[in-house]
Amino acid sequence: MLRKKPRLSESKASQSQPKLDSLGDHPLASPRSPAPEYSIYFTHQKSNSSRLGPEFFDQPAIALAQAFLGQILVRRLPDGTELRGRVVETEAYLGAEDEAAHSRGGRQTPRNKGMFMKPGTLYVYIIYGMYFCMNVSSQGEGACILLRSLEPVEGLEMMRQLRNAHRKGAARALKDRELCNGPSKLCQALAIDKSFDQRDLAEEESIWLEQGPEKPGEHTVVTATRIGINYAGEWALKPLRFYIRGNPYVSVVDRKVEQEMQASG
DNA sequence: TCGACGATGTTCT
DNA sequence: GAACATCGTCGAA
């Protein structure tokens, strides 16, 4: 029962954030009270009461990947617009032993440093030269969670605009289900780029996680293999992807696994 | 609905 | 120089 390790000195954490200028004078952009200390137990400024703090992220990768399902990812744009999406699909990457992880074999490079930082730290990287993927560091050296799909909840028109901005010409209109059903699509829809790398999801002003209204039941979570890592040998076969069964916003459905669940359950 | 493929450039060997 | 935790389009069925 490992629990409760004292982490970061929080009075200091608030000092080490000198630049908020671009957001500073917007009425929605300053949730900070004049109180000298920022406590995770008193985060109820406005509607912010359900924000998940550092303790949420401090759990092993598989547990955290599952715990993410049903939670709400919130992105506040510089103009104050808030975008919300419910997490419906995640993958766990376990660290050194995991042949599919960027941290495989204990590799630590400037790029993947975020994977090794404290739980809740974002690891955003560029894939195929033009897309971003967003990960959240978990407990465990070099372990993290990849966010694969969101169910759009609030700000859908802005999401559509942001997605269209990345597309050539004026292609056909995107359906709601196409806004955030993929790791790079959700980054486009929420305007998440490399500048978010190594930022703290538990403390940031412009992005955070909120407790969702309902947790998916245990029998509604599908456990399947991860996507796009076929090079990883036996690790490609490990059941480290989790998604909400029947949710139309999941990017890749594994019908075979779902049938097996049905049969045994 | 599905499979093949090109785009595009950073990161790592 | 090769690989890459992806996406959108195109053509076949």
Side-chain angles (χ1 to χ4, degrees), chain A residues 61-62 64-66 68-69 73 85 87-116 121-138 140 142-150 152 159-198 222-243 248-256 258:
Chain A
I62 292 175
L64 184 58
Q66 294 170 324
F68 255 89
L69 297 178
L73 182 66
V87 179
V88 298
E89 183 183 4
T90 61
E91 288 179 1
Y93 288 84
L94 305 189
E97 57 175 339
D98 185 348
E99 283 300 316
H102 290 171
S103 52
R104 76 188 80 98
R107 285 175 174 80
Q108 188 173 351
T109 66
R111 177 178 69 149
N112 70 7
K113 184 175 176 212
M115 298 179 89
F116 293 86
T121 304
L122 300 183
Y123 167 43
V124 180
Y125 68 92
I126 299 172
I127 183 71
Y128 298 108
M130 49 182 149
Y131 299 114
F132 297 101
C133 289
M134 170 184 173
N135 302 261
V136 183
S137 177
S138 71
C144 69
I145 312 308
L146 170 70
L147 268 48
R148 281 198 61 89
S149 301
L150 306 178
M159 292 182 190
R160 217 180 307 275
Q161 281 183 37
L162 286 162
R163 290 272 285 121
N164 279 330
H166 290 266
R167 308 203 304 161
K168 294 194 169 183
R172 57 167 240 287
L174 288 170
K175 297 172 186 162
D176 289 356
R177 65 189 310 170
E178 296 175 303
L179 292 174
C180 303
N181 64 334
S184 297
K185 294 179 187 176
L186 72 87
C187 284
Q188 286 183 355
L190 299 195
I192 292 162
D193 60 22
K194 185 78 176 166
S195 72
F196 284 78
D197 189 38
Q198 297 179 25
V222 179
T223 302
T225 57
R226 294 173 292 182
I227 303 299
I229 52 149
N230 293 329
Y231 58 85
E234 63 179 71
W235 279 89
L237 305 176
K238 306 246 184 209
L240 293 172
R241 184 165 65 96
F242 307 94
Y243 67 84
Y249 300 90
V250 170
S251 69
V252 179
V253 168
D254 190 328
R255 305 205 184 278
K256 206 169 170 183
E258 292 188 19

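Just so we're clear, the structure is a prediction, and the values are computed from it rather than from any experiment. A note on names: the letters A, B, ... follow the listed sequences, proteins ahead of strands, and every chain is numbered from 1.
In terms of modelled atom types and a separation under 3.5 Å, the side chain of R148(A) and the main chain of E89(A) share no donor-acceptor contact.
Taking the side-chain contact (heavy atoms from CB on, under 4.5 Å) definition, one finds that A65(A) meets it with T90(A), A92(A), I145(A), F242(A), sequence neighbours left out. Looking at residues two or more places apart in sequence or on another chain, you find no ring pair (Phe, Tyr, Trp, His ring centres under 6.0 Å) involving F116(A). For D197(A), the salt bridge (Lys or Arg N to Asp or Glu O under 4.0 Å) criterion is met by K194(A), not counting sequence neighbours. With sequence neighbours left out, T225(A) forms a side-chain contact (heavy atoms from CB on, under 4.5 Å) with no residue at all. Listed by chain and number, the residues in a side-chain contact (heavy atoms from CB on, under 4.5 Å) with S137(A) are T121(A) (sequence neighbours excluded).
The shortest side-chain heavy-atom distance between E258(A) and D254(A) does not fall under the 4.5 Å cut-off. When side chains are defined from C-beta on, Y249(A) counts as touching P152(A), because their heavy atoms get closer than 4.5 Å. I126(A) has its side chain within reach of F132(A): a pair of non-hydrogen atoms, C-beta onward, lies under 4.5 Å apart. By the 4.5 Å heavy-atom criterion applied to side chains, S149(A) and C180(A) are not counted as neighbours. For the pair L174(A)/N164(A), a side-chain contact is recorded, criterion being any heavy-atom separation below 4.5 Å from C-beta on. For the pair M134(A)/L190(A), no side-chain contact is recorded, criterion being any heavy-atom separation below 4.5 Å from C-beta on.
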Any N/O pairs under 3.5 Å between the protein and nucleotides 1-6 of chain B? List them or say none.
none

Restricting to nitrogen or oxygen on both sides, can you table the protein-nucleotides 10-13 of chain C pairs closer than 3.5 Å?
none

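One atom, CG of N112(A), and another, P of dC12(B), lie 7 Å apart when rounded to the nearest Å. The distance between atom CZ of R167(A) and atom P of dT6(C), rounded to the nearest whole Å, is 19 Å. Computed from coordinates, the R148(A) CZ to dA5(C) C1' distance equals 7 Å when rounded to whole Å. Between E99(A) atom CD and dC4(C) atom P there is a gap of 12 Å when expressed in whole angstrom units. Computed from coordinates, the F132(A) CZ to dT10(B) C1' distance equals 11 Å when rounded to whole Å. Between R111(A) atom CZ and dT13(B) atom C1' the separation is 13 Å, expressed in whole Å. Y125(A) has its OH atom 6 Å from the P atom of dT6(C), to the nearest Å.
For I227(A), whose side chain is taken as the heavy atoms from C-beta onward, the closest listed nucleotide among dC4(C), dT6(C), dT10(B) is dT6(C). Checking dT10(B), dC12(B), dA5(C) against the side-chain heavy atoms of Y231(A) singles out dA5(C) as nearest.
Contacts of R226(A) with the nucleic acid, taken as non-hydrogen atoms under 4.0 Å apart, are absent. As judged by a 4.0 angstrom heavy-atom cut-off over every strand, M115(A) is placed among the base-contacting residues.
Legend: salt bridge (charged side-chain N to carboxylate O under 4.0 Å, His left out) pairs involving residues 175-185 of chain A, not counting sequence neighbours, sorted by first then second residue: R160(A)-D176(A), R172(A)-E178(A).
Both stacking criteria are satisfied for Y93(A) over the base of dA5(C): a centre-to-centre distance under 5.5 angstrom and an angle between ring planes under 30 degrees.
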Output a table of donor-acceptor pairs, distance under 3.5 Å, between side-chain atoms of residues 229-239 of chain A and any protein atom two or more places apart or on a different chain; print 'none' if there are none.
| residue | atom | partner | partner atom | Å |
| --- | --- | --- | --- | --- |
| Y231(A) | OH | A100(A) | O | 3.3 |
| W235(A) | NE1 | E97(A) | O | 3.3 |

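Using a 4.0 Å cutoff on non-hydrogen atoms, the parts of residues 102-109 of chain A near DNA chain B are R107(A), T109(A), ordered by number. Against DNA chain C, the stretch residues 178-185 of chain A makes heavy-atom approaches under 4.0 Å through G182(A), P183(A), S184(A), K185(A).
Base-pairing analysis of DNA chain C finds the following stems of at least three consecutive Watson-Crick or G-U pairs, with both pairing distances under 3.5 Å: B:1-7 with C:6-12, B:9-12 with C:1-4.
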